[in-house]
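Encoded as structure tokens, the structure appears first; notes follow it.
All values derive from a computational prediction rather than experimental measurement. Side chains are part of it too, since the values below use all heavy atoms of this structure and drop only hydrogens, waters and symmetry mates.
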There are 2 protein chains.
Amino acid sequence: MTELTEKLSSCVMQRLARYYLCIQRLHEQGLEWISSQELALELDLTSSTVRQDISHLDFSGISKRGYELDKLQQTLRSVLGLDKRFATVIVGAGNFGRALLLHDDFREKGFDIKAILDKDPKLIGKRIESYYIQSVDKLTAVVKKNKVWIGVIAVPASAAQAVADQLTAAGVKGILNLSTANVQIPQGKVIINSRIILDFIQLAFYLNI
Amino acid sequence: MTELTEKLSSCVMQRLARYYLCIQRLHEQGLEWISSQELALELDLTSSTVRQDISHLDFSGISKRGYELDKLQQTLRSVLGLDKRFATVIVGAGNFGRALLLHDDFREKGFDIKAILDKDPKLIGKRIESYYIQSVDKLTAVVKKNKVWIGVIAVPASAAQAVADQLTAAGVKGILNLSTANVQIPQGKVIINSRIILDFIQLAFYLNI
DNA sequence: TAGATTGTTAATCGATTAACAATC
DNA sequence: TAGATTGTTAATCGATTAACAATC
């Protein structure tokens with residue numbers, strides 16, 4: 001899989017993730033085969049792009065039939081790493097931290113949330129479903145004990161870098177940053193920035209007359 | 001502004017939004033000038049890209065000094081449409097719907113949440129801070145009464161298209177889709193897809209050995 | 001003035017699309 | 001077989017970067 005990770009451009013990979021979600025849905029609905037054209041239509045792409053993307057995979061379609069959903073789904077699952085499970089910790093028990101914790105979709109996709117932490121003494125000890133909010137002081141211990149790979153930064157921008165430093169020092173391999181801060185991390189670690197406010201701003205731009 | 005909307009590529013525009021957030025933060029911290037190189041460093045870009053992007057704006061830097069944060073921030077604010085206010089409605093009072101409602105950042109940036117709706121009778125009437133969850137049957141009335149421009153889809157993927165149809169029929173101009181469904185909307189309307197699960201999947205991919 | 005930094009042009013790089021032979 | 005659809009090559013398109021004259 002490592003060669004693929006190196007070969008696939010970030011553009012291609014992001015589309016593969018969308019193919020996966022789309023195919024999973026269609027497959028659940030009972031569909032068994034899909035052509036590059038149909039998949040393109042679903043996702044607002046060209047059939048050329050779809051074929052080009054899928055050609056990167058160790059998987060082939062069949063002329064006149066298209067792609068077998070079941071097999072393609074499995075291939076994508078494995079390429080994207082969704083056949084693994086990732087121990088995850090959420091730092092910040094604000095609205096977004098809680099929403100992530102409560103959202104079953106993440107667990108289903110393989111992201112096991114092991115703990116949620118906060119620095120606010122008023123929140124520490126509070127229960128959210130089966131979790132108790134823990135002190136951020138325990139971050140290192142929690143990461144080590146649970147072999148946590150992914151840390152989610154759900155704190156205000158001003159605290160984001162400090163949290164990122166703690167997370168990487170504790171040994172997480174990747175960070176999902178929900179804050180607006182641009183966080184620096186050591187070489188070899190992975191960071192993905194996920195900021196819904198940027199999507200709102202995009203909308204504002206396109207609606208601006 | 002309309003000419004700009006047409007000229008700016010989506011890539012450039014997304015970076016402008018990041019510049020805006022970054023500059024806002026630095027300006028609050030008291031910084032007054034920034035060079036293309038410094039801004040590039042903050043956001044992991046090249047100074048060339050930054051200068052190229054800023055050259056699209058009706059704004060100039062000064063040799064040897066760089067860009068005046070105050071003025072650049074104002075220019076970006078106006079280009080991105082953040083000097084306007086957008087009446088917004090949230091459909092779906094699940095974890096994410098509530099998180100958005102409670103997150104002050106959106107209101108600050110100009111997105112006025114007028115109502116939150118759900119179809120679950122158990123949720124309707126429930127209070128979240130100063131809001132009461134309303135029935136999704138009232139969607140059209142709420143949109144019309146409040147001159148809502150933006151609808152946020154925070155319902156499961158299976159219900160997303162129906163909600164999008166209702167929203168556009170009721171007259172919203174843009175949709176922010178948080179569901180994994182790929183929603184189709186009429187020409188002339190704007191849709192932005194915002195799916196945190198895709199960011200998680202990206203992380204899984206890069207962490208996959 | 002000398003040096004730094006912008007704004008802009010041209011070159012490079014990469015991503016998307018078109019086209020078509022191979023295949024079922 | 002005829003027709004449809006893949007896989008792949010080459011062409012196009014667009015985005016990023018390099019380079020440098022203009023400017024402060």
**Message:** Looking at A/R65 and A/E32, is there a salt bridge between them, counting it only when a charged N and a carboxylate O are closer than 4.0 Å?
**Reply:** no
**Prompt:** On DNA chain D, nearest-nucleotide positions of B/V12 versus A/S47: which is more 5'?
**Reply:** A/S47
**Request:** Could you check whether A/S48 gets within reach of a base, just the sugar-phosphate, or nothing at all, counting any heavy atom under 4.0 Å?
**Result:** base
**Asked** With no hydrogens and no angle check, do the side chains of B/S48 and B/Q52 hold a donor and an acceptor under 3.5 Å apart?
**Response** no
**Request:** Figure out the CD/C1' separation between A/Q37 and C/dA19, and round it to whole Å.
**Result:** 15 Å
**Phosphate OP1/OP2 of D/dT17: any B/T46 side-chain N/O under 4.0 Å** = yes
**Fill in**
To the nearest angstrom, the OH-P distance between B/Y67 and D/dC24 comes to 14 Å
**Asked** Between A/R65 (CZ) and D/dT5 (C1'), how many Å, whole number?
**Response** 12 Å
**Asked** Counting just side-chain N and O atoms, does A/S63 come under 4.0 Å of either OP1 or OP2 of D/dA4?
**Response** no
**Prompt:** Do A/Q52 side-chain and D/dT8 base share a donor-acceptor contact under 3.5 Å?
**Reply:** no
**Prompt:** With both distances under 3.5 Å as the test, what is the Watson-Crick or G-U wobble partner of D/dC24?
**Reply:** C/dG3
**Message:** Using a 6.0 Å cut-off, check whether atom NZ of B/K189 has over 12 heavy atoms from anything other than its own residue.
**Reply:** yes
**Message:** D/dT16, OP1 or OP2 - any side-chain N/O from B/R15 closer than 4.0 Å?
**Reply:** yes
**Request:** Searching all strands shown, indicate the nucleotide that pairs with C/dA18 (Watson-Crick or G-U wobble; both distances under 3.5 Å).
**Result:** D/dT9
**Request:** State whether B/T49 places a side-chain N or O below 4.0 Å from either non-bridging phosphate oxygen (OP1 or OP2) of D/dT16.
**Result:** no
**Request:** Write down the distance between NZ (A/K64) and C1' (C/dT23), rounded to a whole number of angstrom.
**Result:** 11 Å
**Request:** Scan side-chain atoms only and decide if A/R195 and A/T180 contain a donor-acceptor pair under the 3.5 Å cut-off.
**Result:** no
**Item:** Position toward the 5' end of DNA chain C (nearest nucleotide), B/G61 or A/L45
**Value:** B/G61
**Request:** Please report, rounded to the nearest Å, how far the P atom of D/dT16 is from the CD atom of B/Q14.
**Result:** 10 Å
**Phosphate-side-chain proximity, A/S60 and D/dG7, N/O vs OP1/OP2 below 4.0 Å** = yes
**Message:** Tell me if the CD atom of A/E68 is crowded by more than 12 foreign heavy atoms within 6.0 Å.
**Reply:** yes
**Request:** Could you state the atom-to-atom distance from CD of B/E68 to P of D/dC24 in whole Å?
**Result:** 15 Å
**Asked** D/dG7 P sits how many Å from A/D53 CG, rounded?
**Response** 12 Å
**Asked** Whole-Å distance between D/dA4 P and A/W33 CH2?
**Response** 18 Å
